[in-house]
S.K.: 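Encoded as structure tokens, here's the structure I'll be asking about.
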Amino acid sequence: MNDLEPQAVLSWVERFIARIDDRVQELTELDRRSGDGDFGTNMVTALTRAKAKLSPSPADAGAAFSSLSTAFLEHSGGTSGPLFGMWFREFALAGQGGPAFSTALLADAARNGVAAVRRLGSASVGDRTMVDAMAPAADALAEAAENDVPAVRALRLAAEAARAGADSTSSIIARRGRASYVGEAALGAPDPGAVAVALFFESADGS
Amino acid sequence: MNDLEPQAVLSWVERFIARIDDRVQELTELDRRSGDGDFGTNMVTALTRAKAKLSPSPADAGAAFSSLSTAFLEHSGGTSGPLFGMWFREFALAGQGGPAFSTALLADAARNGVAAVRRLGSASVGDRTMVDAMAPAADALAEAAENDVPAVRALRLAAEAARAGADSTSSIIARRGRASYVGEAALGAPDPGAVAVALFFESADGS
Amino acid sequence: MAAHQLVNDPQELVGEALEGLELSQRGRLRWNRDPSFVIRADDRRPYKVGVLSGGGSGHEPLHTGFVGYGMLDAAVPGAVFASPTAIQIQAATEAVDDGRGVVHVVKNYTGDVLNFTIAAEISGDIRIETVLVDDDLATDTSVEGGPGRRGTAAVVAVEKICGAAAERGADLSTVATLGRRVAGNARTMSLALRACTHPGQSVPSFDLEAGQVEFGVGIHGERGVRQIPVAPADELVAALTEPVADDLGLSRGDAVFVIVNGLGSTHQLELLAAYRQVTRLLDARGVTVARQLVGSYVTALDMAGCSVTLIRADEELVGLWDDPVRTAALTW
Amino acid sequence: MAAHQLVNDPQELVGEALEGLELSQRGRLRWNRDPSFVIRADDRRPYKVGVLSGGGSGHEPLHTGFVGYGMLDAAVPGAVFASPTAIQIQAATEAVDDGRGVVHVVKNYTGDVLNFTIAAEISGDIRIETVLVDDDLATDTSVEGGPGRRGTAAVVAVEKICGAAAERGADLSTVATLGRRVAGNARTMSLALRACTHPGQSVPSFDLEAGQVEFGVGIHGERGVRQIPVAPADELVAALTEPVADDLGLSRGDAVFVIVNGLGSTHQLELLAAYRQVTRLLDARGVTVARQLVGSYVTALDMAGCSVTLIRADEELVGLWDDPVRTAALTW
Ligand SMILES: Nc1ncnc2c1ncn2[C@@H]1O[C@H](COP(=O)(O)OP(=O)(O)O)[C@@H](O)[C@H]1O
Ligand SMILES: Nc1ncnc2c1ncn2[C@@H]1O[C@H](COP(=O)(O)OP(=O)(O)O)[C@@H](O)[C@H]1O
Ligand SMILES: [Mg+2]
Ligand SMILES: [Mg+2]
Ligand SMILES: [Mg+2]
Ligand SMILES: [Mg+2]
């Protein structure tokens, strides 16, 4: 059985929080190039609250994600807060009441998550947002589920896809939509929201 | 018959208006030394309105004074406005319905006038205000009335008394009351309100 | 052209605003052009004592904003920071007198006192009682023959209480006595964080060094009694409130009306936070807040700063305070 | 320590002000601390549609000052100029829902729209209708996929009309439809004469060269669409009013609600004089003023400046406008 049980999900979330904490300056710097420079702080504020709320013995597979989601929704100092809140909410809902995350369940969560973020933020792939990492990760998980890839490996594939998506934002000059004001100034550096998504999937790997 | 008939009063008031108009800069300069420098303007504003309201054929001996009084009361940009308004009001009331100003009537008006100004402004003789010219003029008129001095001569005596009173303010350093903030800065120059009172009585003489 | 102001000819500002007020009140107020005063145009109950106030403009909503049912019958506006004339006051007094007399609510300034006094003298038969409002503790010096304490934000409470009593049908001396009770039991302290700029001027009425607060200011853009260093709001509010409470001799079990008043450009967020601190200070003394006003009621043009007014309250006054009022700036 | 501000820790200002508001409203409002929202505590009629709004703080009296009978059932304040969170909005929505549904009145800003949308999604069974307010003509660009016009002072009218309809017992879609009719027929233009200063900061949010006016500003201290030279007030007010009237296509016989709104530190004298000029411009077009508000209702901290809002009025809307309202900042 390769599925992710509540304790494994908890460890994943804890590793994610720690990793963002390590990288806060770098993320803030990225937001300074393409936004207003508060992304790192926004993330850490939410994640510090999430950490305080994480139950050491989560009741179900969704519990840790639920804490994450609520913390982001309660915080929402910037655009990323509520979007991450709704994204993690889909992971929480997928795991709610269940004993573990299968690859199929992860694929469901990722698909619903990116759908929620796209619906709420009206960003498409290529707009230089977190969606540029979320969408390929969701696709990777969907493919893995179809091919019965076990959850831990599926997440490694998702992480690779998310990272590639995040990297791709370095060369995007958004011409339409919300990122259009950024222009060439941000060229060469990735979108911080997309990088955070990649860090999330990379944190699944505890080895 | 030496009493002042309505036309004579009108001429007196017209000469007063003209004389203040000539001296506006000087009066303003005096207020600059001992006050806020708006005395000349305050006077001219009121007197211009009075001039426009003067009837060429006044109904009674008080009519021209009534126009003066109302103009000052309607204007009252500074302290002097309402005080002059109430001072002239006593001249208007004394002449109201009457055919002419006798010395006795002028004495009544001046006594009631200075009483009104003292009551309203709570200034005494020696406080470096218009009262320093009004009070001796009233006294001179009272004495003239007792001695049956004709009106035109009585007004000449009043003018001398008012002028002496105004001059005396040059050497007053008010130690109490409203003028106490002036201090030595104003020494050597008279109080503009007192000077205006002297000019008023001096204007009675049309020769 | 002056900075940060929306003005045409500064001389015309007051008249234009009065016209705007009349238009915006759609028949509830009438602006008498000449002589200038603002008077109730609603169905005023006849045979009541008239309640009248006035003073320089630039303090809006005071006084014109308080004309209406349950408060003023008329208000007499002067030019900015200058007394209205005796003729204006006289005309307004005549306009509101029903034969039961008129109460003049007068803030203690030389020009206002002079012109209201003269108006009373020349108003012939009309019975007039004057209520002098002199709540400003900053000017509570014992200089003999001095002008005494200035009148500031407490005037709103005096107008409210007098207006309510008159509306109830109280007679002239009762209305005046109530007004004097409010005024006599009221003290105010004010501070400025930035001076005001007169219409048409481009520089403020005084310079405040960075990091300094002008303490004990009045409502005419004049300097206060001293400068103190900027401090957290709670400390500044305490510096306003404590001497006022001390001067009134407030002690455990007393009840007060509180007015936290903005001087023009201090934001409602700041005033509400200041009110919170006033309640804490009063709590600590065991003093209860009977009723309160928090907002910009008596302004000094666009001055930044605030004042704290405390007024001893009793049951009768609270009842009158609670009576309905319907004016441009105060309605309940 | 910041200049000309009465603040403790700037982070605490909003909470302190909310505490002050609750205290000063003596039982008419309740401030729910966590999650933060302000809710009616009077005897709210049960089984009515809930009317809820919210947004960043610093715009007071908006929105908390409009909570009460005949207007909002609750308001959800964010930090200064920052959206409230979805969790706050959700909690307030649940608190005001009687089962007849809740109308969300939302000013069109990305953060507000996002958080209200999310709140609606996570509020489960509660029936929610959103009324988007986007009256700011300065942001009426046709950029595809752009954020659209900002929501500014028209929100007060939307809240008033929705509140009145809900109080009358109208159902959810009726209340929302009325709100949308108001919002859809509302346009606003604003100008700044001096930028605002954020709590705890000592310099304004932008510099305005002497003699310049920032035209087409919003309510968050951001620059406008262009700078124009200072001019007499009547010209500036015309520059605000004419494009608004044109955009609404107002013509002879039309009637409008007018809101002349101060942005923070512009004096009531100036606002009243500006209102006078608006009435003259409308007169010249043969457009009648149905009703009006003149005052500082939707502020941008202490910004100096004003906005002019016109809203097409009809008999039904005028009736709802006239319905009684009892809130901290609006009562009739
Ligand atoms: N409309 C949108 N849809 C999806 N993601 C978005 C959108 N707008 C911004 N983002 C993401 O949010 C990140 C910035 O977050 P943050 O700094 O918290 O927001 P803000 O721009 O409000 O300061 C961006 O890097 C981007 O990934
Ligand atoms: N209390 C007072 N009683 C009598 N006269 C006074 C008093 N105060 C001032 N004055 C007179 O008023 C004059 C100044 O008038 P004006 O400049 O119009 O008043 P302000 O001082 O208000 O600017 C003084 O020269 C003085 O004669
Ligand atoms: Mg950012
Ligand atoms: Mg941000
Ligand atoms: Mg002078
Ligand atoms: Mg003067």
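Order of the sequence lines fixes the chain letters, A, B, ..., with proteins taken first and strands second; residue numbering starts at 1 for each chain. If you're wondering where the values come from, they're calculated on a predicted model, not measured in any experiment.
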S.K.: Check Arg28(C), Arg40(C), Arg33(C) against Glu22(C) for a salt bridge (Lys or Arg N to Asp or Glu O under 4.0 Å) and give me the one that passes.
M.R.: Arg33(C)

S.K.: Is Asp9(C) atom CG crowded by more than 12 heavy atoms from other residues, nucleotides or ligands, each under 6.0 Å away?
M.R.: yes

S.K.: Regarding Glu242(C) and Arg285(C), does a basic nitrogen lie under 4.0 Å from an acidic carboxylate oxygen?
M.R.: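 A salt bridge links Glu242(C) with Arg285(C).
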
S.K.: Chain C heavy atoms under 4.5 Å from Thr279(D): which part of the residue, side chain, backbone, both or neither?
M.R.: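 Just its side chain gets close to chain C.
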
S.K.: For Arg26(C), is it the side chain, the backbone, both, or neither that has a heavy atom closer than 4.5 Å to a heavy atom of chain D?
M.R.: side chain

S.K.: Indicate whether the side chain of Trp332(D) and that of Thr331(C) have a donor and an acceptor atom separated by less than 3.5 Å.
M.R.: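 Judged by distance alone, the side chains do not pair up.
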
S.K.: Hey, which of Leu236(C), Leu330(C), Leu23(C) has the most heavy atom pairs under 4.5 Å with chain D?
M.R.: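 It is Leu23(C).
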
S.K.: Can you tell me which of Arg291(C), Gln268(C), Gln292(C), Glu235(C) forms the most heavy-atom pairs within a distance under 4.5 Å of chain D?
M.R.: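 Highest number of pairs under 4.5 Å: Gln292(C).
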
S.K.: With a 4.5 angstrom heavy-atom cut-off, which part of Ala304(C) approaches chain D: side chain, backbone, both or neither?
M.R.: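 Just its side chain gets close to chain D.
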
S.K.: Tell me whether Glu19(C) is salt-bridged to Arg280(D), with the criterion being a basic N under 4.0 Å from an acidic carboxylate O.
M.R.: yes

S.K.: Can you tell which of Ala274(C), Ala328(C), Gly58(C) has the highest number of heavy-atom pairs within less than 4.5 Å of chain D?
M.R.: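 Heavy-atom pairs under 4.5 Å are most numerous for Gly58(C).
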
S.K.: Please tell me whether Thr299(D) and His267(C) have a donor and an acceptor in their side chains that are separated by less than 3.5 angstrom.
M.R.: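 Short answer, yes.
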
S.K.: Between Asp302(C), Leu13(C), Val237(C), Leu293(C), which residue shows the highest count of heavy-atom pairs closer than 4.5 Å to chain D?
M.R.: Leu13(C)

S.K.: Count the heavy-atom pairs under 4.5 Å between each of Asp234(C), Val294(C), Leu21(C) and chain D, then report the option with the highest count.
M.R.: Asp234(C)

S.K.: So which part of Ala210(C) gets closer than 4.5 Å to some heavy atom of chain D, the side chain, the backbone, both or neither?
M.R.: neither

S.K.: Given the options Val80(C), Leu193(C), Leu301(C), Thr64(C), which has more heavy-atom pairs under 4.5 Å with chain D than any of the others?
M.R.: Leu193(C)

S.K.: Given that the side chain runs from C-beta out, which part of Cys196(C) has a heavy atom under 4.5 Å from chain D: side chain, backbone, both or neither?
M.R.: neither

S.K.: Parallel, tilted or perpendicular: which describes the rings of Phe81(D) and His59(D), with under 30° parallel and over 60° perpendicular?
M.R.: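 Taking His59(D) first and then Phe81(D), their aromatic rings lie parallel (interplane angle under 30°).
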
S.K.: Identify which part of Val289(D) has an atom lying under 4.5 Å from any heavy atom of chain C, answering side chain, backbone, both or neither.
M.R.: both

S.K.: Is the closest side-chain heavy-atom distance between Val287(C) and Leu281(C) below 4.5 Å?
M.R.: no

S.K.: Under a 4.5 Å cut-off applied to non-hydrogen side-chain atoms, are Thr327(C) and Leu29(C) in contact?
M.R.: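 They are not in side-chain contact.
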
S.K.: Between Ala273(D) and chain C, with a heavy-atom cut-off of 4.5 Å, which part of the residue counts as in contact: side chain, backbone, both or neither?
M.R.: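 Contact with chain C: backbone and side chain both.
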
